Enquirer: 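Got a structure for you, questions after.
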Amino acid sequence: MAAGKLNLAICVCFVSLSIILLRSLFAPQIIDRPEGGRIVVKDMTGRLVRLKEPPRSIMMLTPVSWHYLAIEPNDMAILRIPPYMRLEIKASPLRWVFPSLSDRPLAFLDNNSPSGFSVEETMASNPEVVLVWDYLSAAFERAKIKGLIKISADHGEKERLYKLLGEMADKSRVVELLYERSERIKREIFSLITSDMPIKTMLVIDDDNFSLGTNRFYKRFLENAKKIRIQNLAQNSGTSGKILNVETYLALDPDILLLNHFLLASSTMTVEDVYANDQLKGLKAVKNKRVYHMPRGAARLEGPLEEHLLILWLWQTVRPQIPLKFDMREEIRLSYRFVFNYELTEDQIDQWLRLEENMRSFGYGRFKLSSPLSAVLNQ
Amino acid sequence: MTLKFASQESEPVARNAWLSPFLFVTLIVLGVLSLLIGRYEISPREVFQILWSSFYKFEAFDDDNQWIVVQVLRLPRILLAVLSGAGLAVAGAALQGIFRNPLVGPEILGVSAGASFGGVLAMSLGLVSPAGLAPLAFMFGCGAITLAITLSWLAGQSSTIGLVLAGVIVGGLFSSLTGLVTYSADAESKLPSIVYWLMGSFARATYGQVAFAAVVALIAIPPLFALSWRINLLSLGELDARALGLKTKKLRLAIVALASLLVASQVAVSGGIGWVGLVIPHLARMLVGPDHVRLLPVSALLGGIYLLLIDDLSRSLSETEIPIGLLTSLVGGPVFAIFFVRLRNRGWNND
């Protein structure tokens, strides 16, 4: 009796598993319906995506709304944003330019969520375009989601991202104009460099654990810094992006210490905290009051909106003695006006510069509205 | 310590004679009902039409969203959840039987840790697709158990306790390696997917993964069922089993190898999912008693049902996929605590 039941169980198990196996061996196939589209976008994995028109509804599962809005300053098409984007909007000038954008529904549960957004939920929202990280796109691709555009997480490819979004919005010319302006200003800054200028050294602190700013995240920033003879000490130390002990900081002893502004770095550290930290008091940068919190711009202050502003800020922060024909406050104002047609107030510019927090640090008074440059230079 | 409950020696067997057929039908019904659950609304009528069309329609255009949701998104993950749950529960029940220890789970032999390391290594090498990840995870899972067996043999500890100790060592080693790879993974492009995978999910289920899991299940589950009465003898103890003419060492190795195959394949297709192999055999034992001839099939069915229901929650509770490993831990911990108290009160026999 028992043997009979056992044999029956084995048979049922074998048959059930065989049926499942057969079903999966003859898996259903999805056929691409040939579709014409005026707009052809080559995404960052090389796939061609065809769109009939610039999208009127975008599911933004990657934090690229800043970049998109620099090209198409109309946030109404954005259906959802990732949580990081909401934090960034609230913490950056985006909240002034697009006040309702932070109310948009979220596309993930938590900040920097490792979990994927529901593919079914995406299909139910029926967006014309879905922007998704390439490494999280497998489930979307398997379901052949229409208008799926994959974004590479490699932040060294920011220019490619802008071009892609320009193609998507059918505004490639806008991207060209943005980059032309940004590159022109950068060229003018770089042209002022002479080989006899001393090289300054710096470190970027990522968070409260004293992680170092990674080379890849700040690839363009660090490249630009090098061009104005500011060397990132983490570049050759092999410790970039990793948690350091304070002794390593003391051993590297940079001229300037920068606090990362990037929200994902989850730092609550302020310039005042660094000055008050007894363990760091031996650092040259602390002794000389050369600790600065990077400006409160968007994401990593990259791309044609703020890349040149960051390098201009760095130049004027590290070398406040050398006058430049560019007025930092005016350049910030002009950039926002040019890209978003938005007029920043003086208070907003102060916030962009983190004027209050950085005011104790050497030379930062030059960015003050009421301070004549000459008075600051005589500090 | 044998797995024998004082109150389960005679009457539950007769009382639960129809339990296996009932669970089998329940599993099929729940599987069909699970097709109705999800964030994309489809009426039951349409779901049944699409399901019926499986017999004659093998393809559809990419704008047929309802067909895609049912056939491409929901069905493979339902099948994979059932296969994984059944495999883990059978592996757990078999291992608890041969080790004569109710606290043994599939993780104890280091297979899960080995497979997890393989998966994490694959992702750090850029092999993020299921086709690239699963083979490496499976290979390392099998490698871990081979290492554990070799280690116990080298130490001259071919006994049960020797194998468990070797499993703990190997598991610890692979856990450390997983930590090392995770630590050095790229924080933005690789770390999130590694963390998510380690927490387990069927979100990326494909028919390829289902086929893989089904093949492994075919290789391991029917033979384990066939060996179930021998597991009964092994659970009597080494001396008794030998006295009854069993080649205990070879038999134990064969059962460990088959259980390890199931665990490694589960981790390879869906990442780390804990508690199933520990909790479900206990539940099954409460229902049918310690006889493995009945325990293994009931564990398989209960495991399938359990993981199917958990996956339904995982994909429908919120807009974001909730990692299934989190839910199995959240549910499994308290459920195990209840079993523990109830069984203790009823007399968990530790002869």
Side-chain angles (χ1 to χ4, degrees), chain A residues 2-3 5-7 9-14 16-18 20-21 23-33 35 80 105-110 112-124 126 133-136 138-139 142-146 152-155 214 216-217 241-242 264, chain B residues 20 24 38-41 54 57-63 65 67-69 71-73 76 79 82-83 128-130 186-196 199 201 203-204 206-208 210-211 214-215 217-218 221-222 225-226 228-229 293-294 296-297 300 315 318-323:
Chain A
K5 279 185 181 172
L6 180 60
N7 288 338
I10 294 170
C11 281
V12 170
C13 173
F14 190 82
S16 308
L17 291 172
S18 301
I20 293 175
L21 180 60
R23 179 70 182 89
S24 40
L25 289 178
F26 295 97
Q29 303 294 319
I30 305 173
I31 310 162
D32 291 323
R33 196 187 285 281
E35 195 172 18
R80 282 177 185 265
L106 293 179
F108 287 93
L109 264 188
D110 54 24
N112 196 25
S113 168
S115 61
F117 187 67
S118 165
V119 178
E120 285 191 28
E121 186 74 32
T122 305
M123 291 170 94
N126 200 24
W133 290 125
D134 54 355
Y135 65 91
L136 284 176
R142 193 158 40 80
K144 302 253 179 183
I145 297 273
K146 290 272 182 190
S152 163
D154 186 343
H155 292 273
T214 59
R216 190 174 62 74
F217 289 174
K242 300 299 175 202
L264 272 187
Chain B
S20 295
F24 186 71
R39 304 295 298 183
Y40 192 98
E41 272 188 40
S54 300
K57 186 179 176 183
F58 296 100
E59 54 188 27
F61 279 110
D62 56 2
D63 49 5
N65 279 355
W67 187 88
I68 290 172
V69 167
Q71 292 283 5
V72 180
L73 296 179
L79 294 174
V82 170
L83 286 174
V128 287
S129 73
D186 185 290
E188 281 216 354
S189 62
K190 284 177 181 158
L191 190 59
S193 41
I194 287 175
V195 171
Y196 184 54
M199 289 192 284
S201 171
R204 300 200 317 166
T206 62
Y207 281 102
V210 176
V215 167
L218 268 171
I221 294 180
F225 282 5
S228 54
W229 66 270
V293 173
R294 301 197 67 213
L296 294 192
R315 65 191 169 90
S318 81
E319 295 165 343
T320 307
E321 292 277 348
I322 301 173

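Bear in mind that the values here come from a model prediction, so they are computed numbers and not experimental data. Naming convention: chains lettered A, B, ... in sequence-line order (proteins, then strands); numbering from 1 in each chain.
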Enquirer: May I ask you to name which of B:Val82, B:Leu83, B:Ile68 has the most heavy-atom pairs under 4.5 Å with chain A?
Expert: B:Ile68
Enquirer: Please identify, among B:Leu218, B:Ile194, B:Val210, B:Val69, the residue contributing the most non-hydrogen atom pairs under 4.5 Å to chain A.
Expert: B:Leu218
Enquirer: Which atoms of B:Ser228 are under 4.5 Å from chain A, going by heavy atoms: the side chain, the backbone, both sets, or neither?
Expert: side chain
Enquirer: Using non-hydrogen atoms and a 4.5 Å limit, figure out which bit of B:Pro297 sits close to chain A: side chain, backbone, both or neither.
Expert: side chain
Enquirer: Using a strict 4.0 Å threshold on nitrogen-to-oxygen distance, state whether A:Glu120 and B:Arg39 make a salt bridge.
Expert: no
Enquirer: For the candidates B:Tyr40, B:Trp67, B:Phe58, which exhibits the highest count of non-hydrogen atom pairs separated by less than 4.5 Å from chain A?
Expert: B:Tyr40
Enquirer: Considering non-hydrogen atoms only, spot the tightest contact between A:Arg142 and B:Val72 and give its length.
Expert: NH1-O, 3.0 Å
Enquirer: For chain B, which of A:Ile20, A:Asp134, A:Thr122 has the most heavy-atom pairs under 4.5 Å?
Expert: A:Ile20
Enquirer: Once rounded to the nearest 0.5 Å, what's the spacing between atom CZ of B:Phe61 and atom NZ of A:Lys144?
Expert: 12.0 Å
Enquirer: Who pairs with B:Asp62 by side chain to side chain donor-acceptor pair (under 3.5 Å), at least two apart in sequence or on another chain?
Expert: A:Lys146
Enquirer: With rounding to the nearest 0.5 angstrom, report the CZ to SG distance, B:Phe225 to A:Cys11.
Expert: 11.5 Å
Enquirer: At their closest point, which heavy atom of B:Pro222 faces which heavy atom of A:Leu17, and how far apart are they?
Expert: CD-CD1, 4.5 Å
Enquirer: Can you name the side-chain contact (heavy atoms from CB on, under 4.5 Å) partners of B:Ala211, sequence neighbours left out?
Expert: A:Leu21, A:Ser24, A:Leu25
